[in-house]
Every structure is written in structure tokens, then in C-alpha cells.
Amino acid sequence: METFRSLAQMKEWSRAQITRGETIGFVPTMGYLHEGHLGLMRRARSENSRVIASIFVNPTQFGRNEDFGSYPRDPESDSLKCRQAEVDVLFMPETQDVYNHEFQTYVDVERVSKPLCGKSRPGHFRGVATVVLKLFNMVYPSSAYFGAKDYQQLQVIRSMVKDLNLDVRIVSCPTLREDDGLAMSSRNSYLAPAERAQAVCLFQALQISGELFRNGEKEPMKYIEAMSGRIIREPDADPDYISLVHPETLEDLNVVDESCLAVLAVRIGKTRLIDNMLFEGRA
Ligand code: PAF
């Protein structure tokens, strides 16, 4: 595995691969890799002749009072994990190379960035879309792989790719979960043992929604009340949002018909966790 920090080196390597007719699968990450990331890398490995993973903790997607400074970092262990996942190139650009000091150009995916996490984290998706486009312009991927846990992020990236006519196939990979159902996330490392035990409430709330969906429930408020009821049983859980939305537009539903996305963000102590489940196929 090669490791590049230089943008020029990364571009040169990718251009040479494309000239030879190779396909490039790309897994962008912010590091502190877990099994969820490694699953994306394995999927990329199985579908492409070359695999690039990036590690870049992107400052523009963090709000002023968020955890940019304390975001967990472990580049040595990450590098080993990428090697084991048979990644060809690990790309770890420097912040000052990604954002020059006169930087002033951002990508704003308007509608789908607004609800849910967009409300509580203003500017977050502008930062995500901007860095993902920048990384695409350094890596030249044929396909890029993202986890479905960050469902809204996926929708933002899909819209950007469509609206800006980018030639990148976006691949959504299922959320990987711990044994008790907690969605894997680098931020789970912030949880103290007592908080970790409570964090399973997100998954269990989503499962309750699944049951309502399968039983034919049409009233969104019934889902929201049932999910809230499960969340607030935990002493350290503080919901940011608990919603039932259209899987594409992410707008609130008035009635649940053939499909819906149950989605929630909950603070467990100081750690903000997100999760979602897509329900579809009801007559
Ligand atoms: O999902 C993430 O880890 C980040 O939001 C991403 C896509 C790597 C952009 O910084």
C-alpha cells in the first residue's frame, strides 16, 4: 500500500491508473476506522481494480462548538487496517493543501441539506459536499462508497453528483451494527460505559417503528411518539430530532404509505449519535 499526502502525487497516480483502463473505488473517511469503514473498503475492493481510501478530518463540516479539535485520530492503526483491507493507496492530505488561506468556494446542496441534521448543524452539509467534491477532483474515482448510517449525507452527495453532472457512481452500503444493534461510529468511542449501555435505545426505537410499519400503521405521529417513549426512558438521552420522512426528499410525512425513513439524532450525555431505518414494500 502506498501513502500519499501530496495532492499532486495523488492526482498523478490516479491519472496513470485511468490511462491503463483501471477502475478506481474510493472510500472517503475521517479516520478512526471501524468495521463499518472496512466493510466499505472490502466492497470497493470487490468491485474495482484499484482502491483508494482517504483520511481527512474536514474542518469545514464542523460547527464552532463541535468536536473538530477532539475528533478521535489514530493514523498508525488506521494505516494498518487499510493495508489489511487491501487498499492500494491511503490518501492523507494536509489541511492547508485542501483549503488554501484564500479559500472561498463552497458547494451548497440546497433542499435536502435543510431538515434533520441540517437544522441542528448549520453549514455541516455544505462542508461535506465541498470536501467530497474536492476529494473527487483529487482521486478521480469511478465509484465512491458511503455508509447508510449517514443517510442524509448520502442524499446530499447523490444530489450533488446528479446536479453537477459528475461521473462518479455513488454506492450506499448497509449500516454495520454492534451485537446489541448500536450503529458503528467513530464517535461511539466517546461513550462512557454507562452511556454505551443506554445508546442501544436508538436502534430499539427504530425497531419499534419497524413493527408499526409492518402492522400497517399510517399515522406518522404514532411512530414518533413510540420512538420518543423508548428514547426518554434512558436517563442520559436527550433527543435532537426524531422524525419520519420521505426517503428521497427527507421531508416530514403526513401519512405513511409504501415507504418511509425513520431517522433520529440523540445526545447520550455529550455524544450526539444518529441512526435511521428504511421501511419499504408495504402494499
Ligand atoms: O462520513 C464521513 O466520514 C465524512 O462526512 C466524509 C464523507 C468523509 C466527508 O468528510
Side-chain angles (χ1 to χ4, degrees), residues 4 7 10 24-41 43-44 51-63 66-75 77-78 81-82 85 87 89-95 97-99 103 105-109 112-113 116-118 120-139 141 143-161 164 166 168-176 183-190 263 265 271-276:
F4 297 144
L7 275 50
M10 182 70 261
I24 298 179
F26 178 41
V27 182
T29 81
M30 298 205 299
Y32 213 70
L33 303 176
H34 51 68
E35 199 48 42
H37 295 115
L38 303 183
L40 303 181
M41 292 174 197
R43 174 89 182 264
V51 175
I52 301 174
S54 66
I55 296 180
F56 180 65
V57 183
N58 171 38
T60 65
Q61 69 187 75
F62 289 82
E66 293 184 350
D67 56 344
F68 174 67
S70 58
Y71 196 82
R73 291 161 169 90
D74 191 349
S77 151
D78 285 350
K81 288 175 182 164
C82 288
V87 164
V89 171
L90 174 57
F91 180 41
M92 299 205 287
E94 305 285 355
T95 308
D97 294 335
V98 176
Y99 294 105
F103 186 81
T105 307
Y106 292 89
V107 181
D108 199 355
V109 181
V112 83
S113 294
L116 307 174
C117 289
S120 35
R121 304 187 68 190
H124 169 66
F125 290 117
R126 185 176 87 141
V128 169
T130 302
V131 82
V132 169
L133 179 61
K134 284 166 80 59
L135 289 166
F136 285 179
N137 284 336
M138 299 166 195
V139 165
S143 301
Y145 297 78
F146 296 88
K149 178 179 78 71
D150 297 296
Y151 191 98
Q152 189 171 14
Q153 165 170 287
L154 246 166
Q155 289 304 102
V156 166
I157 292 165
R158 282 189 203 287
S159 297
M160 172 181 79
V161 164
L164 300 183
L166 305 181
V168 183
R169 183 175 71 110
I170 301 300
V171 183
S172 158
C173 302
T175 303
L176 287 198
M184 290 188 186
S185 163
S186 305
R187 287 191 171 101
N188 291 349
S189 65
Y190 296 150
V263 58
T271 306
R272 186 175 178 279
L273 301 176
I274 59 171
D275 203 350
N276 68 81

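Note that ligands are numbered from 1 as they come in the structure, with each ligand's atoms numbered from 1 the same way. Values below: every heavy atom of this structure, side chains too, minus hydrogens, waters and symmetry copies.
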Return yes if some donor-acceptor pair links the side-chain N/O of Gln152 with the main-chain N/O of Leu116 below 3.5 Å, else return no. no

Counting from 1 in the order shown, the ligand 1 atoms closer than 4.0 Å to a non-hydrogen atom of Gln61 are 4 (C), 5 (O), 9 (C), 10 (O)

Any heavy-atom pair between the side chains of Phe91 and Phe26 that's under 4.5 Å? no

Below 3.5 Å, N or O to N or O, backbone or side chain included: is there any such pair between Thr29 and ligand 1? no

Per-atom contacts of ligand 1 with Val131, taking only distances under 4.0 Å to non-hydrogen atoms: 9 (C), 10 (O)

With sequence neighbours excluded, tell me which residues meet salt bridge (Lys or Arg N to Asp or Glu O under 4.0 Å) with Arg169. Glu47

Other residues, nucleotides and ligands only: do more than 12 of their heavy atoms fall within 6.0 Å of OH on Tyr32? no

Could you find the nearest protein heavy atom to atom 2 (C) of ligand 1 and give me its residue, atom name and distance? Gln153 NE2, 3.9 Å

